[in-house]
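All of these numbers come straight from a predicted model, not from anything done at the bench. Chain naming here is simple, since letters A, B, ... match the order of the sequence lines and numbering starts at 1 in each.
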Amino acid sequence: MIDDSDEEFEASRARRPGTARGGPDRQYPAEGSVYASGGATAGDVHDVIAHAVRLGYRVVEENLRHGRDAAERLKANDYGFGDAGADVEIVLHRFLKGARELGSSFFDLFGAVLEDPALREAVRARRTDLEARHSDQSSVGKARTPVQIIGHASASGEAHLGSLAGLSGPPEVMPLKPLSTAPETPPILGARLGAEPHTGAIAVIVPVPEDQPSGTYAGTIHDSASQRLLGSVSVAVPQS
Amino acid sequence: MAGGRESKAAEKPAEVAIVGGGCAGLATAFELSRPAHKGRFQVTVYQQGWRLGGKGASGRGVAGRIEEHGLHIWLGFYENAFRMMREAYAELAAHPLGSAHGHWRDAFLPEPDIGVFAPAGSENRGLWSSCFPPRPGLPGDPDAPSGREMMGSYVAGALAMLRTLLLDTVSVPGDETTIDDWPAALSRLLDKGVLAGAAAIAQALGLIGLSLNSLDPTRHDTRLLTLAESTADALRGWIERRFLADHPDRHLWLVAELVMASLVGAIRHRLFDHPEGLDAIDDWDSRDWLRANGASEAAVRSPFMQGLYDLAMAYEDGDPARPRLAAGTALRGTIRMFFGYRGALFWRMRAGMGDVVFAPLYECLNRRGVQFRFFHRLQEVVLAEGGGHVAALRFDEQARPTAHGDYDPLVMVSGRPCWPASPQWEQLERGEELRAAGLDLESDACAHRADQIKLEVGRDFDFVVLAVGVGAIPQVAGAILDRQPRWRAMTRRVKTVATQAFQLWLNRDLADLGWRFDALIASGGAKPFDTFCDMAHVVPEEGWRDANHEPPATVVYFCGVLADDPSCTGLELERAQQTRVRANALRFLNGSAAVLWPHLSGGGGGGFDWTVTAGGTAEIAGHGFYCRANVNATDRYTLSVPGSTRWRISPLDLDCDNLTVAGDWTACGLNTGCTESAVMSGMLAAHSLSGLPRLEAITGYDHP
């Protein structure tokens, strides 16, 4: 460093001017926003949803009825070979028409939600009985998730991971702690979720040092924002 | 007066030392040298080696062939970069003697096509390509849409696109239509109609379920929500297994899934009015975020996502098994890329980026009075006691121009000013000696110097713009890192990746070699060279005939990431990586080339037949092959890994009161490794010193 003892110079030295702000203004302003001026109400949204669901049921119901009619005719030996094609065709036509209307309704719904700030306020991730039920259900018989060990040649692992839908934050793997009570056994750090390189499937990637003491280690997998439990992982390090 | 310094009178221009002559540094120089400043700033650009450009530099080698760091394509939303270039070209053309660079429309060529390599086993094996129609205007036109306008139009555009996909894929006959040949009708319906209908139901119900699940339970019947969600899940799973798994048009629905997952995620995470905008999801990896918002595994593993990661070089440490791309930055970039382009989606350059961008910029800046000091490599930023400002800059002067004058860096090739691939030794003191020593003055490992120079505040500069690559910061700005925890964190968190590239000049065009698609940019291909482009249009700009060579039919550029090699450093690393890249290229040509170009015959030993390249024999590559390992600290590609963008330093930050930074590694609004980020950063650096340009005038800076 340079000893800056020239006070006169220091007083007159050029300096950067201040700036009005220090970063981007990313927030979409309510004023002037295309979303600011009124749009659908909560009631309209409910109507759109209800209409879409009714439509879906109607499509299914009509096809079921048509199929039931065909079955009755078949039972009564009143069903010719040529009838099958017409029936299938009618079902498909109705299916397609209903699908188009259903899909189009969804976009109407989507647009309505986007156009109203009050609705956007209502559309938020929530912790509900439904979510809790999902968590409970997904904790039973969770699919086994591959574990990829990096480093230790003989270690092996097992993981169970539930659905990653509806996360509030990135998934986080906690340090894998030893199950033994031996003091000063270091945990296994740095585990994370990633992609299994050959299949691209979600895997738990666990770096295990070559000199990791033998034993069984276990850790949990959380939603880092909501702390919702997503799954668990265990690693067995055999004796060398 | 202490130390030879003197107070500078207020009326004298402020001396600005810009260290680094890449896009960011030159953008800063461009802004500060505008006539509107009325000579308020005297700018000097200090550049190591012999040429400007940094990661974008190119040079002319044997027969005037263009040698690049990799494939450089500009995107149609690069508003700030295009505006700068259009102004530079216009200034040059306004000169009474005209300009050898021509009009900017001759230099930048629109490219509407993009392709991604389809996965193995798909019906449309080879390439899924798309032609994006021209959009009104040209990049760099006045009245660029603001971020505020753009978000609304993006959402509307995305929904319109999906509606088109859904409703227009097949026309549904009316109920009254009679069909005589029902097996054929059934077959047609099954081929397209059921796919459309089934996929529509799958998407609609799946997304209704997601959206309904997000509504306020106090306002809606949870039984309805439960029923809708469970029905949707069951039906979606059945349809995906039954209809979508192997259908040849499934790629359309993969795109639909990705777009819908993005929109659902934008609602769920309140991105439309979040104070941080899309930065709010930058801790997520892009694939993880899409997955969490309803995208299927097929969609997040699709060639489209693969292509996105490949184009962004988004592989930590160059490891293809570690794709890492911040979700918000990726979404912002994707939105602007597909919905914010003007003119064409992509813009190719007529010749090398050095020829089309940095040569005109150099000449324009020169005419404005900006000074250039080539062969100056920064060694240290010296802080004053207390650390409040930069007191000195220490440089190695790598070489000195001869007594005849300043160094003239450009050479003429095919009638245009270009950068050579090596210094013009004849203009340097001991030039022949330096040439014979085979020095690479751009190499980190080259410590050669003719002299050491120390610039002092007050005497030689008033302000410093540190526009070197982020990889060089630890070497040159140790004093700042010692004092500023944010700078230390930035150098740890903002990652870079080495890259590799090769170019092949072929005596036959690609159609003749069996390439079945139109010339376009393709990504998502086999590693390590997952991105390639047929660049036949640059061959006429090279000097083949002048060098008594038959011009090749085309030149093809390949590039990709390069894994780090921790086993060595310095010159050993450079040589090892260069050898590795060459070996990678040969392996690629002996393997994947036959897939790309099925009419390519094998060589005598079963390997690649080099006779198809300019100057090649059956077993030896001639001047038709060039490869490069970009491992120098200032050549490494800037990444946007999850969790990193919050650690970027902004040019507006005031850590030292006479210092700012510029580069695509800074917090510049776009936060990706690209030319547009670099130019935006340079504009911010200029603003930090002068108050201009206004931040609102930097297109995209305030984009959500």
Side-chain angles (χ1 to χ4, degrees), chain A residues 1-6 8-9 12-17 19 21-29 32 34-35 42 46 49 52-53 85-86 88-89 92-93 95-97 99-100 102-104 106-107 110-111 113-114 120 122-126 128-130 164-167 170-171 195 197 200, chain B residues 2 5 7 14 148 151-152 155 159 163 166-167 172 175 179 182 185-186 189 193-194 197 200-201 204 207-208 213-217 219 226 228 267-268 272-273 275-277 279 283-284 288 291-292 301 321 382-385 391-392 458 462 650 652 654 657-658 669 688-689 691 701-702 704:
Chain A
M1 290 185 226
I2 291 180
D3 181 13
D4 198 332
S5 57
D6 186 337
E8 184 182 337
F9 166 75
S12 63
R13 182 175 59 80
R15 288 168 170 76
R16 279 175 49 181
T19 54
R21 52 186 169 107
D25 180 6
R26 301 242 195 241
Q27 188 162 14
Y28 206 117
V34 296
Y35 305 139
H46 192 280
I49 294 172
V53 175
V88 169
E89 188 179 331
L92 284 172
H93 278 299
F95 185 75
L96 284 173
K97 189 160 178 260
R100 283 163 58 104
L102 193 62
S104 185
F106 174 75
F107 293 119
F110 215 83
V113 170
L114 290 176
R120 291 207 312 279
V123 176
R124 58 177 173 82
R126 66 187 175 98
T128 64
D129 292 341
L130 204 60
L164 296 181
L167 291 180
Chain B
R5 298 164 306 186
S7 304
R148 286 152 190 178
M151 273 311 283
V155 172
L159 288 176
R163 192 188 300 270
L166 173 62
L167 297 179
V172 179
D175 287 339
I179 298 175
W182 71 263
L186 184 60
L189 286 169
V194 174
I201 286 188
L207 293 163
I208 280 178
N213 193 40
S214 301
L215 286 172
D216 185 342
R219 299 167 71 180
T226 306
I267 290 181
R268 173 173 285 152
F272 292 109
D273 53 12
E276 295 174 31
D279 290 349
D283 284 350
W284 291 80
D288 286 345
R291 198 181 277 126
R301 295 284 153 207
V382 182
L383 296 183
E385 188 175 345
D462 295 298
S650 166
L652 303 180
L654 195 61
D657 66 23
N658 65 348
S688 76
L689 299 184
Y701 183 59
D702 292 324

Next on the checklist: Run the side chain to side chain contact (heavy atoms under 4.5 Å, CB included) test against A:Pro24 and tell me which residues pass, sequence neighbours left out.
Outcome noted: A:Arg26, B:Tyr701, B:Asp702
Checklist entry - Should the pair A:Arg13-B:Asp657 be classified as a salt bridge under the 4.0 Å nitrogen-to-oxygen rule? => result yes
Checklist entry - Would you say the side chain of A:Arg16 lies within less than 4.5 Å of the side chain of B:Asn658, judging by non-hydrogen atoms? => result no
Checklist entry - Taking B:Gly669, B:Gly691, B:Ser688 one by one, which has the highest count of heavy-atom pairs under 4.5 Å against chain A? => result B:Ser688
Item to check | Residue pair A:Gly23 / B:Leu652: nearest heavy atoms and the distance that separates them | outcome: N-CD1, 4.1 Å
Checklist entry - How far apart are the closest heavy atoms of B:Asp462 and A:Ala14, and which atoms are they? => result CB-CB, 3.9 Å
